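What follows is a set of notes on a single structure, which appears directly below.
Note that these values count all heavy atoms, side chains included, but never hydrogens, waters or copies made by symmetry. In listed order, ligands and their atoms are each counted from 1. For this chain, numbers begin at 1 and follow the sequence in order. This structure is a prediction, so every number in the text was calculated from the model and none was measured.
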Amino acid sequence: MSNIKAAITGVGGYLPDYVLTNDELSKLVDTSDEWIMSRIGIKTRHIAKEQDKGTSDIAVPAIQELLQKTNTSPEEIDFLLCATVTPDHQFPATANIISDKLGIQNAFSFDLNAGCSGFLYAVETASHFVESGRYKKVIVVGAEKMSSIVDYSDRSTCPIFGDGAGAVLIEPTQEDVGIMDSMLQSDGSGRVYLHQKAGGSVMPASHETVENRLHFIYQEGQPVFRSAVSNMADTSVKMMRKHNIASDELDWLVPHQANMRIIEATAKRMGITREQVMINIQRYGNTTAATLPLCLWDYEKQLKKGDKMILATFGAGFTWGAIYMKWAYDGA
Ligand code: UT7
């Protein structure tokens, strides 16, 4: 086995300017700040208001910041992987569009859809390209314009989601840092609880699908909630045991930001305190494939080289999993 490891060596992020508050949502549907805060834990989310802008337009500024922070030029990038459930178009891949907009010309690129677990799946995928020794600079971006598939007349889903993007640079290292292990899983039978009914090959767009509002997120919250808690917690605990990481030895849990109650339940099962958990759901909501890199982006300054962290997700598919990582640089 090669002794090259793959490590995250920089983070960039971007959130659209417009901030959608719970009070504004309360004017659209029968809900309240009190209900949303107690059941989900979200105060605000960012929304891309411009009709003609897509997910690539949210990803581009996140990657621009990443390139600038890491002193990397677009020509140096070998491979760009975009995790999203809200691509600009059915085809071509949003990753191709992002690369074009940024002048990334010496790379191949494609999209990966694994629901809210997209970023984790993408980091795992990209890490093997880097570990092979053939690819030196790889970008993984999680980017979503969730507002393009949220039904703002459905109170059970519209408070949850937000738009945003987070991007990381992955490079080879021979030090004892980077991606140490992963446990990823999927179970397609969970699709009945969380999906978008129309717009794919099973139900192409028609007058009927539009009239019946079938191009929006469909979610049965409770079964998704139950599976999210058990699978995220089980996998994270399994990862801790496999690597003999005691609760007080873990520096960070980086959990998917779907619901504050899911995050708290996962942390409790792992026996860790709130100070060990990255949380920004209050401000950004659930940005699907962008939640994990946006957490890393928010907490970057607090991170130290060698910090032990577990990234854990659950999402549509169902898909879920955890990655164990040792942070590769001092954030400050
Ligand atoms: O990121 C992808 C993975 N997704 C998730 O992890 C989401 C997992 N699920 C959840 O986070 C929660 O199930 C939700 C936040 C979606 C819903 O919370 P819940 O505690 O499971 O509520 P519920 O669906 O059981 O609804 C409870 C009540 C219902 O009223 P009745 O039937 O008891 O009278 C709903 O109609 O709350 C009502 N309700 C609301 N009330 C005020 C649902 N949405 C709202 C709302 N405001 N926005």
Could you tell me whether the side chain of Asp111 and the main chain of Thr94 form a donor-acceptor pair under 3.5 Å?
-> yes
Where ligand 1 meets Asp30 - atom numbers and elements under 4.0 angstrom, heavy-atom basis | 42 (C), 47 (N)
Taking only heavy atoms of Ala258, which atoms of ligand 1 are found under 4.0 Å from at least one of them?
-> 1 (O), 5 (C), 6 (O)
Spatial distance of atom OG1 (Thr266) from atom CE (Met232) [nearest 0.5 Å] = 4.0 Å
For atom 25 (O) of ligand 1, which protein heavy atom lies nearest, and how many Å away is it?
-> Gln222 NE2, 2.5 Å
Please determine which of Asp307, Asp176, Asp251 meets the salt bridge (Lys or Arg N to Asp or Glu O under 4.0 Å) test together with Lys326.
-> Asp176
Any N or O of Phe161 closer than 3.5 Å to N or O of ligand 1 | no
Is Val224 in contact with ligand 1, taking contact as a heavy-atom separation below 4.0 Å?
-> yes
Test item: side-chain donor near acceptor, Glu144 and Thr86, under 3.5 Å | yes
Would a distance-only check, ignoring hydrogens and angles, find a side-chain to backbone donor-acceptor pair under 3.5 Å from Asn113 to Gly115?
-> yes
Look at atom 29 (C) of ligand 1 and say whether a protein heavy atom is found at less than 4.0 angstrom from it.
-> no
Closest to atom 18 (O) of ligand 1 among protein heavy atoms sits Arg261 NH2, 3.7 Å
Which residue holds the protein heavy atom closest to atom 9 (N) of ligand 1, what is that atom called, and what is the gap in Å?
-> Gly221 O, 3.1 Å
Quick note on ligand 1: atoms under 4.0 Å from a heavy atom of Ile160 include exactly 16 (C)
Looking only at non-hydrogen atoms, which of Thr288, Asn259, Ile262 approaches atom 6 (O) of ligand 1 most closely?
-> Ile262
Using protein heavy atoms only, decide if any is under 4.0 Å from atom 33 (O) of ligand 1.
-> no
Report the nearest protein non-hydrogen atom to atom 2 (C) of ligand 1: residue, atom name, distance rounded to 0.1 Å.
-> Cys116 SG, 3.2 Å
If you count the atoms of ligand 1 from 1 in the order shown, which ones are under 4.0 Å from a heavy atom of Pro159?
-> 48 (N)
For residues Arg45 and Ile42, report the shortest heavy-atom separation together with the two atoms involved.
-> NH2-CG2, 3.4 Å
Only one of Val141, Val168, Ile139, Thr72 passes side chain to side chain contact (heavy atoms under 4.5 Å, CB included) with Leu66, and that residue is Ile139
In ligand 1, the atoms that come under 4.0 Å of a heavy atom of Asn286 are 1 (O), 2 (C)
Which heavy atom of the protein is the closest neighbour of atom 36 (O) of ligand 1, given with residue, atom name and distance?
-> Arg155 NH2, 2.9 Å
For ligand 1, which atoms have a heavy atom of Ser156 less than 4.0 angstrom away?
-> 44 (N)
What are the two closest non-hydrogen atoms of Gly306 and Val177, and how far apart are they?
-> N-CG1, 4.4 Å
Can you tell me the protein heavy atom closest to atom 27 (C) of ligand 1 and the distance?
-> Trp35 CZ2, 4.4 Å
Under 4.0 angstrom from atom 20 (O) of ligand 1, is there any protein heavy atom?
-> yes
For the side chain to side chain contact (heavy atoms under 4.5 Å, CB included) test, which of Arg274, Lys268, Gln257, Met278 pairs with Ile263?
-> Gln257
Which atoms of ligand 1 are found less than 4.0 Å from any heavy atom of Thr31?
-> 42 (C), 46 (C), 47 (N), 48 (N)
Any chance you could measure Leu81, atom CG, to Phe108, atom CZ, to the nearest 0.5 Å?
-> 8.5 Å
Look up atom 39 (N) of ligand 1 and tell me if a protein heavy atom lies less than 4.0 Å from it?
-> yes
List every atom of ligand 1 that sits less than 4.0 Å from any heavy atom of Arg39, numbering the atoms from 1 in the order shown and giving each element.
-> 20 (O)
Part of Ile40 within contact of ligand 1 (heavy atoms, under 4.0 Å) | side chain
If you scan protein heavy atoms around atom 4 (N) of ligand 1, the nearest is Gln219 OE1, 3.2 Å
With rounding to the nearest 0.5 Å, note down the distance linking CG in Leu303 to CE in Met309.
-> 4.5 Å
Would you give the length of the straight line joining atom CD of Glu124 to atom CZ of Phe119, rounded to the nearest 0.5 angstrom?
-> 12.0 Å
Does OH in Tyr299 sit with more than 12 non-hydrogen atoms of other residues, nucleotides or ligands closer than 6.0 Å?
-> yes
To the nearest 0.5 Å, what is the distance between CD1 (Ile160) and OG1 (Thr288)?
-> 9.5 Å
